[in-house]
Every structure is written in C-alpha cells, then in structure tokens.
Amino acid sequence: MPHDFQEDIKVVIGFRSSLESETDRGAALMAAAYLEDQLLRLALDVIVDENSLRKKLGDQNGPLGSFSARIDFAYALGLLPPKMHADLHLIRRIRNEFAHTMAPITFETSPNKERCFELFYVWKAEATPRARYIAACMAALARIHRGIADAKRPTVPPDIEQADLLNRGKKVQKAVVDLLEVVLKQASKAPESATSEETDQTE
C-alpha cells in the first residue's frame with residue numbers, strides 16, 4: 001500500500017498546533033515523545049517484515065527500546081544527516097532535563113537555554129529557546145516522515161536446501177583433500193633438492 005504522506009502532514013500540523021497551549025515542560029515532553037515514537041516507526045519500516053522480530057526490537061528492553069538507540073540506529077542507516085543526529089540528541093537531553101527535574105524549569109533555564117541555542121535545524125537565528133526547540137523538532141519530524149515514505153524493506157535470502165548444503169560440503173572437503181595432496185607432494189620433494197644442493201657444494 002502506498003504511503004499516505006498527506007495524512008502525515010495533517011497529523012504533524014495538528015500536533016504542532018497542540019504544542020502552542022502546552023507549558024514548556026509539556027511541549028518538551030510531548031514533542032520528544034512523538035519524535036521517539038516516529039523514529040521507532042521508521043526503524044521498523046526498514047527491517048525485515050517479521051512480526052516477532054519487530055516486536056522484540058521495539059520492546060522497551062529491546063535494542064531499540066530507548067530514544068538514544070533509535071536516534072543512533074536511524075543515523076547508522078544513513079537516514080539522518082549528521083547535524084540532525086546531533087540535534088536529536090540535544091532534544092533528548094532537554095527532554096530528560098524536564099522529565100527528571102522536579103523544580104519548576106522552562107526553556108530559559110540552564111542548561112536548556114544553552115542547548116536550544118546549539119540546535120542547528122532552526123529557521124530563525126534569533127528565536128527564543130522554546131521556538132528553537134520546537135522548530136528543530138519539526139524539522140527532524142519532517143525528515144523522519146520523508147524516510148518513512150521512502151522506506152524499503154530488505155529481502156531475506158532463502159535458506160540453502162539440505163541436499164545442496166551436503167553437496168557443497170563434499171565439494172569443500174574434496175578441495176581440502178586435493179590441496180593437502182599437493183602440499184604433501186611438494187614436501188616430499190624438498191629433502192631431495194636439499195641433498196642435491198649439498199652434493200654440489202661438496203664437489
């Protein structure tokens with residue numbers, strides 16, 4: 001079934017609008033959570049179509065169970081440019097700051113503010129820290145959705161038939177035996193050559 005990219009655009013526009021009414025903490029957590037979810041969606045779209053494996057990889061305790069792992073996996077597959085890879089880790093760190101700090105904090109609080117100004121994918125250089133965070137999140141989201149739209153699953157090679165496997169094993173075994181015979185023949189001639197050289201030198 002063709003990917004409905006237009007539907008993604010509608011969802012993103014609605015999501016972007018919903019962030020406007022959120023507190024800084026709410027906006028940071030919601031935007032990062034959505035990115036994390038979409039990164040997993042992307043990751044599962046570019047691996048083999050095997051439900052048990054997909055479930056295992058995406059499980060909370062699986063290899064793709066964390067935001068960090070999903071970011072690195074997408075980058076490792078060439079689905080993210082280097083600076084967006086760095087932006088997503090900054091977004092993750094800012095998210096963690098809001099998630100694990102019980103005191104009242106905002107995007108203007110250190111180290112959130114400084115990290116927001118490290119973000120690369122931002123349209124307005126003079127934007128506020130909050131605006132920069134959201135802009136970087138939306139840029140990453142657009143790239144992720146483009147990756148989902150273009151995703152291609154790898155083809156799993158078929159297993160070798162048992163008879164074929166045994167036949168190949170016999171061929172390998174014969175090749176090894178033939179090679180050993182050649183080596184042994186050469187080794188048996190070596191002493192004769194050495195004796196001949198010693199005789200020549202004596203004469």
Side-chain angles (χ1 to χ4, degrees), residues 2-47 57-58 60 62-152:
H3 181 82
D4 191 349
F5 198 60
Q6 292 302 317
E7 185 58 32
D8 277 342
I9 292 173
K10 288 179 186 175
V11 170
V12 169
I13 290 172
F15 178 72
R16 174 69 182 81
S17 298
S18 72
L19 293 176
E20 294 296 335
S21 60
E22 289 293 329
T23 63
D24 282 2
R25 193 189 299 270
L29 296 179
M30 277 182 63
Y34 190 52
L35 280 171
E36 186 175 1
D37 178 71
Q38 295 305 294
L39 278 168
L40 179 60
R41 181 182 165 197
L42 172 60
L44 297 182
D45 275 357
V46 295
I47 63 171
L57 290 174
Q60 188 176 2
L64 297 176
S66 71
F67 194 7
S68 180
R70 294 171 191 183
I71 294 168
D72 288 343
F73 184 75
Y75 179 64
L77 289 179
L79 301 173
L80 298 172
K83 290 188 185 298
M84 188 165 283
H85 174 243
D87 272 7
L88 280 163
H89 276 300
L90 282 168
I91 288 166
R92 177 181 60 80
R93 291 185 186 104
I94 293 166
R95 185 280 306 268
N96 288 348
E97 197 69 30
F98 276 107
H100 302 302
T101 303
M102 295 301 103
I105 60 171
T106 69
F107 283 108
E108 298 285 347
T109 307
S110 292
N112 293 336
K113 182 176 181 179
E114 292 76 14
R115 285 173 178 160
C116 285
F117 278 97
E118 287 180 48
L119 292 166
F120 179 81
Y121 280 89
V122 178
W123 313 126
K124 296 179 181 178
E126 301 302 322
T128 63
R130 177 181 171 123
R132 291 178 66 84
Y133 179 87
I134 292 174
C137 285
M138 301 314 290
L141 198 53
R143 170 69 70 166
I144 292 165
H145 281 175
R146 182 72 265 170
I148 291 169
D150 295 338
K152 290 186 174 81

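Note that these values count all heavy atoms, side chains included, but never hydrogens, waters or copies made by symmetry. Keep in mind the model is a prediction, meaning the values are calculated, not measured.
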**Report entry** Pairwise distance CZ(R70) to CG(L80) - rounded to 0.5 angstrom
**Finding:** 14.0 Å
Report task. With sequence neighbours excluded, tell me which residues meet ring pair (Phe, Tyr, Trp, His ring centres under 6.0 Å) with H89. Result -> H85
Report task. Without swapping roles, check the side chain of Y133 against the backbone of A28 for a donor-acceptor pair under 3.5 Å. Result -> yes
**Report entry** Contact check, side chains of R143 and L79, non-hydrogen atoms, under 4.5 Å
**Finding:** no
Requested in this report: Could I get the full list of ring pair (Phe, Tyr, Trp, His ring centres under 6.0 Å) partners for F98, not counting sequence neighbours?
Outcome: F107
Requested in this report: State, with a plain yes or no, whether a side-chain heavy atom of V46 is found less than 4.5 Å away from one of K152.
Outcome: no
Query - Side-chain heavy atoms of T106 within contact of N112, under 4.5 Å - result: no
Query raised in the report: When the ring planes of H145 and Y34 are compared, do they come out parallel, tilted or perpendicular, using 30° and 60° as the limits?
Result: perpendicular
Query raised in the report: Measuring from T109:OG1 to E97:CD, what's the distance to the nearest 0.5 Å?
Result: 9.0 Å
Query - Smallest separation among heavy atoms of A32 and I91, with atom names - result: CB-CG2, 4.2 Å
Query raised in the report: Does atom CD of Q60 have more than 12 heavy-atom neighbours from other groups under 6.0 Å away?
Result: no
Query raised in the report: Rounded to the nearest 0.5 Å, how far apart are CZ of F73 and CD1 of I47?
Result: 6.5 Å
Query raised in the report: Any donor-acceptor pair under 3.5 Å linking the side chain of R92 with the backbone of F67?
Result: no
**Report entry** Distance in Å, K83 NZ paired with L119 CG, rounded so as to fall on 0.5 Å steps
**Finding:** 12.0 Å
